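Quick note: numbers below take in every heavy atom, side chains included, and nothing from hydrogens, waters or symmetry partners. Since this is a predicted model, take the numbers as computed values, not measurements.
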Amino acid sequence: MLAYILYNKDTETERPARVLAGRLEEERVATELLEADTPRGAELAEHYDVLGRPAVVLVKDDGAPIQVWQGLDGLPAVADVAYLAHQ
């Protein structure tokens with residue numbers, strides 16, 4: 001499983017996204033941190049219907065979404081993502 005973390009560079013969403021990515025890596029959750037305004041970030045946001053930033057999209061190896069969290073107030077606890085990722 002993989003956790004995509006989308007954020008907007010140089011905004012208040014960048015720091016929480018980076019911190020979350022680091023903490024998920026510590027929990028051995030494969031993580032890809034992406035700027036939402038890059039072509040790859042925009043493609044993922046569109047594919048998974050992500051509007052809020054930061055956003056966490058947890059997907060299976062085949063790309064099927066497991067859970068999507070959006071917005072600063074909607075960021076998940078590290079333990080929640082790790083639990084789902086290790087199922």
Side-chain angles (χ1 to χ4, degrees):
M1 293 194 203
L2 176 64
Y4 292 111
I5 302 177
L6 296 161
Y7 70 97
N8 291 103
K9 188 175 182 176
D10 298 326
T11 68
E12 74 268 0
T13 69
E14 184 174 5
R15 180 164 165 60
R18 290 187 179 280
V19 169
L20 180 60
R23 294 193 56 213
L24 288 173
E25 288 289 336
E26 290 172 3
E27 294 294 324
R28 300 182 190 269
V29 175
T31 304
E32 187 173 340
L33 186 63
L34 296 163
E35 290 180 40
D37 296 331
T38 64
R40 175 85 170 128
E43 176 187 330
L44 283 168
E46 183 177 337
H47 181 75
Y48 294 108
D49 294 323
V50 174
L51 300 175
R53 305 287 185 279
V56 179
V57 181
L58 184 62
V59 299
K60 294 180 182 178
D61 293 336
D62 65 3
I66 296 170
Q67 183 79 33
V68 177
W69 298 270
Q70 299 184 54
L72 281 173
D73 294 335
L75 279 180
V78 172
D80 294 339
V81 179
Y83 175 79
L84 290 171
H86 295 299
Q87 292 289 316

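Grouping the Ile, Leu, Val, Met, Phe, Trp and Tyr side chains by contacts below 4.5 angstrom, directly or via other members, places I66 apart from V50. Linking Ile, Leu, Val, Met, Phe, Trp and Tyr residues whenever their side-chain heavy atoms come within less than 4.5 Å leaves L84 and V57 in two separate clusters. No continuous path of hydrophobic side-chain contacts links V59 to V81 [ILVMFWY only; heavy atoms under 4.5 Å]. Both V68 and L6 sit in one connected hydrophobic cluster of ILVMFWY residues. Membership requires side-chain heavy atoms under 4.5 Å apart, directly or through other members. The hydrophobic cluster containing L75 also contains Y7, counting ILVMFWY residues as joined when their side-chain heavy atoms lie under 4.5 angstrom apart, directly or transitively.
Of all heavy-atom pairs spanning I5 and A17, the tightest one is CG2-CB, 3.7 Å. Between A36 and R53 the shortest heavy-atom distance is CB-NE, 2.9 Å. Nearest heavy-atom pair, E27 versus H86, reported as atom, atom and distance to 0.1 Å: O-NE2, 3.0 Å. Nearest approach of A30 to L2, heavy atoms of both residues: O-CD1, 3.3 Å. Nearest heavy-atom pair across N8 and T11 is O-OG1, 2.7 Å. Contact record, W69 with G74: CB-O, 3.3 Å, taken as the closest heavy-atom pair.
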(request) Report the C-alpha distance between D37 and K9 in whole Å, list the side-chain angles of each, state the deciding distance to 0.1 Å, and finish with yes or no for side-chain contact (heavy atoms from CB on, under 4.5 Å). (result) CA-CA 8 Å; D37 296 331; K9 188 175 182 176; over 6 Å; no

(message) The test is side-chain contact (heavy atoms from CB on, under 4.5 Å); show your working for Y48 and Q70 and say whether it passes.
(response) CA-CA 11 Å; Y48 294 108; Q70 299 184 54; over 6 Å; no

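Judged by distance alone, with hydrogens and angles left aside, the side-chain atoms of Q87 form a donor-acceptor pair with the main-chain N or O of Y83 at under 3.5 Å. Side-chain atoms of T31 come within 3.5 Å of backbone atoms of V29 as a donor-acceptor pair (strictly under, hydrogens ignored).
Other residues, nucleotides and ligands place no more than 12 heavy atoms under 6.0 Å from the CZ atom of R15.
Between atom CG of residue D80 and atom CD of residue Q67 there is a gap of 9.0 Å, rounded to the nearest 0.5 Å. In this structure, CG in D10 is found 8.0 Å from CD in E35, a value given to the nearest 0.5 Å.
Listed by chain and number, the residues in a salt bridge (charged side-chain N to carboxylate O under 4.0 Å, His left out) with E14 are R18 (sequence neighbours excluded).
By the 4.5 Å heavy-atom criterion applied to side chains, L58 and P65 are not counted as neighbours.
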